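Reviewing the structure listed below.
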Amino acid sequence: MSLPTASQTAGPYWHLIDFPEWADLTRAGGPNAGVAGERIILTGTVTDGDGAPCADAMIELWQAGPDGAYEAGFHGFGRCATDEAGRFRFATLKPGPVPGPGNSLQAPHITLAIFARGLMHHLTTRAYFAAEPLNEADPILALVPEARRGTLLAQPVAPGHWNLDIRLQGADETVFLDI
Amino acid sequence: MSYPPIPAGAFPPMDLPSYGSTHKRHPDQPPVRIPHTLTETSAPRFTPAAYPAHADMSRHNGRAAMGERIILAGRITDEDGRPQPGVMLEVWQANAAGRYHHARDQHDAPLDPNFSGQARVFTDAEGHWSLTTIRPGAYPWRNHHNAWRPVHVHFGLHGAGFAQRLITQMYFPGDPLLELDPIYQGVPAGARERLIAKFDLDVTKPEYALGYRFDMVLRGRLATPMENPT
């Protein structure tokens, strides 16, 4: 048995592996072209402990398809670079509910992994959809102290457009998940 | 199934006083431990058909890059030594002069039009991978006075579960900058040395290029209680 290889920061020059089209999971000619579902936009701003935008972060998205299954007809991976204002923007299909531990059901959610200069290993969080009835019984949300649960709830800002800001440190810090 | 927690002593802390960029970016709150669900134990399916491999960074558009051509090779296993097939590796690095092909890298060193500094390879059925590149150069950064990054290559790994996702850096043996580098030194002793590749004559190709071996271990010890019934 051996220890897993240590994580190291992605640094400021990870954009050599940035392919901007990966931020649009619904792109024409892409792996999900023609897949039926509710098209959504997920945006957010990444800020540091001073509230300053993180302009060099890499956000990876991982989600189930509209039917709640992973990698069965819907390729649920995306990547987006934050811009000079710390903003990211994904276009995707809204995921369906996913089976949870035991006989539980997880509310629709999108996993976000944050990589950046200064992050010795990536941070993982989830975007749930505010006002979704299934959130009440979600087994993962239930593990998050109620006062901080809101940091995982994307809010509707326009029809089909959801926003979830990510605060790395300080007051109203995003809940990160130890997976 | 689930993956056990990252063992103590394997990963660097998020808050590294000697690495300035961590100061305002590390969370103050501990992460919330969650049980692994399908979300964490499944992972994006990357195939060479959809994500074409290119394993030779030493040439670009048919022209040879400047610098010392080298071969990097290794094997990816899990914590129990099981080979990890089908892992997609994303690799990026500076050129021989220590300059990234990146708009924000303003280090006064020449760009090489024949070096893009990015590769993508997959492990085979036994977990083996290899690629050809140019030995990168060291470069200065602004973390502290006279700060220089040791020569390194960035590796991003996509395994069979999203909980295995890993980005790390590979270093070269004998680099005097290693003992001065807060990013390398931030990894606990005993774990950090494993980020250093080993010169390997078996990877070296006669009359062509020196070879280095860099084996990596993805987290994971699959719970398989039925395997050894007692």
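These figures come from a predicted structure and were not determined experimentally. Reminder, nothing fancy here: chain letters follow the sequence lines and each chain counts from 1.
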Q) Using non-hydrogen atoms only, which part of Tyr13(A) is less than 4.5 Å away from chain B: side chain, backbone, both, or neither? A) both
Q) Which region of Glu173(A), side chain (C-beta onward) or backbone (N, CA, C, O), has a non-hydrogen atom less than 4.5 Å from a non-hydrogen atom of chain B, or is it both or neither? A) side chain
Q. Are any of the side-chain heavy atoms of Trp14(A) and Ile167(B) separated by less than 4.5 Å?
A. no
Q: Determine the option with the most heavy-atom pairs under 4.5 angstrom with chain A, choosing from Leu166(B), Val91(B), Ile76(B).
A: Leu166(B)
Q. Side chain, backbone, both or neither: which part of His121(A) has an atom under 4.5 Å from a heavy atom of chain B?
A. both
Q) Where the side chain of Tyr19(B) meets the backbone of Gly118(A), is there a donor-acceptor pair that is under 3.5 Å apart? A) yes
Q | Residue His15(A) versus chain B: region with a heavy atom under 4.5 Å | A | both
Q) Quick check: does any side chain N or O of His102(B) sit under 3.5 Å from a backbone N or O of Leu16(A), one acting as donor and the other as acceptor? A) no
Q) With a 4.5 angstrom heavy-atom cut-off, which part of Ile114(A) approaches chain B: side chain, backbone, both or neither? A) neither
(Q) Can you tell me which of Met216(B), His101(B), Arg45(B) forms the most heavy-atom pairs within a distance under 4.5 Å of chain A? (A) Arg45(B)
Q) Under the 6.0 Å and 45° cation-pi test, does Arg120(B) pair with Phe19(A)? A) yes
**Q.** Proximity breakdown for Pro31(A) and chain B, heavy-atom pairs closer than 4.5 Å
**A.** neither
(Q) Checking the side chain of Trp62(A) only, and the main-chain atoms of Thr39(B) only, is there a donor and an acceptor separated by less than 3.5 Å? (A) yes
Q: Spell out, as yes or no, whether a donor-acceptor pair under 3.5 Å connects the side chain of Arg25(B) to the backbone of Arg117(A).
A: yes
Q) Between Thr168(B) (side chain) and Ala6(A) (backbone), is there a donor-acceptor pair under 3.5 Å? A) yes
Q: Taking Gln169(A) for its side chain and His26(B) for its backbone only, find out whether a donor-acceptor pair lies under 3.5 Å.
A: yes
Q. Are the side chain of Gln29(B) and the backbone N or O of Val175(A) linked by a donor-acceptor pair below 3.5 Å?
A. no
Q: Would you mind reporting whether Arg219(B) and Thr5(A) have side-chain heavy atoms less than 4.5 Å apart?
A: no
Q. Taking Glu40(B), Gln93(B), Glu79(B) one by one, which has the highest count of heavy-atom pairs under 4.5 Å against chain A?
A. Glu79(B)
Q: Under 4.5 Å heavy-atom distance to chain B, tell me which part of Ala64(A) shows up: side chain, backbone, both or neither.
A: neither
Q: Dump the intermediate steps for salt bridge (Lys or Arg N to Asp or Glu O under 4.0 Å) on Asp50(A) and Lys24(B), then the final yes or no.
A: CA-CA 7 Å; Asp50(A) 287 334; Lys24(B) 293 295 180 184; 3.3 Å; yes
Q) More than 12 foreign heavy atoms under 6.0 Å from CZ of Arg142(B): is that the case here? A) no
Q. So what's closer than 4.5 Å to chain B heavy atoms on Thr111(A): side chain, backbone, both or neither?
A. side chain
Q. Of all of Pro188(B), Ser21(B), Pro44(B), which one pairs up most often with chain A through heavy atoms under 4.5 Å apart?
A. Pro44(B)
(Q) Regarding Gln106(A) and Thr37(B), do their side chains bring together a donor and an acceptor under 3.5 Å, going by distance alone? (A) yes
Q) Within residues 46-56 of chain B, which positions have a heavy-atom distance to chain A below 4.5 Å? A) Phe46(B), Tyr51(B)
Q: Name the region of Leu195(B), side chain, backbone, both or neither, that has any atom closer than 4.5 Å to a heavy atom of chain A.
A: side chain
Q) Under 6.0 Å between ring centres, would you say that holds for His158(B) and Phe77(A)? A) yes
Q | Best-contacting candidate, Glu71(A), Arg167(A), His109(A), Arg148(A), against chain B by heavy atom pairs under 4.5 angstrom | A | Glu71(A)
Q: Output the option from Thr22(B), Asp105(B), Leu16(B) having the highest count of non-hydrogen pairs under 4.5 Å with chain A.
A: Asp105(B)
Q | Contact leader toward chain A among Pro30(B), Pro5(B), Ala43(B), Pro13(B), where contacts are heavy-atom pairs under 4.5 Å | A | Ala43(B)
Q.
Quick check on the interface: out of Val144(A), Thr47(A), Thr125(A), Asp56(A), who has the most heavy-atom pairs with chain B under 4.5 Å?
A. Asp56(A)
**Q.** Least distance between heavy atoms, Gln118(B) atom then Ile17(A) atom
**A.** CG-CG2, 3.8 Å
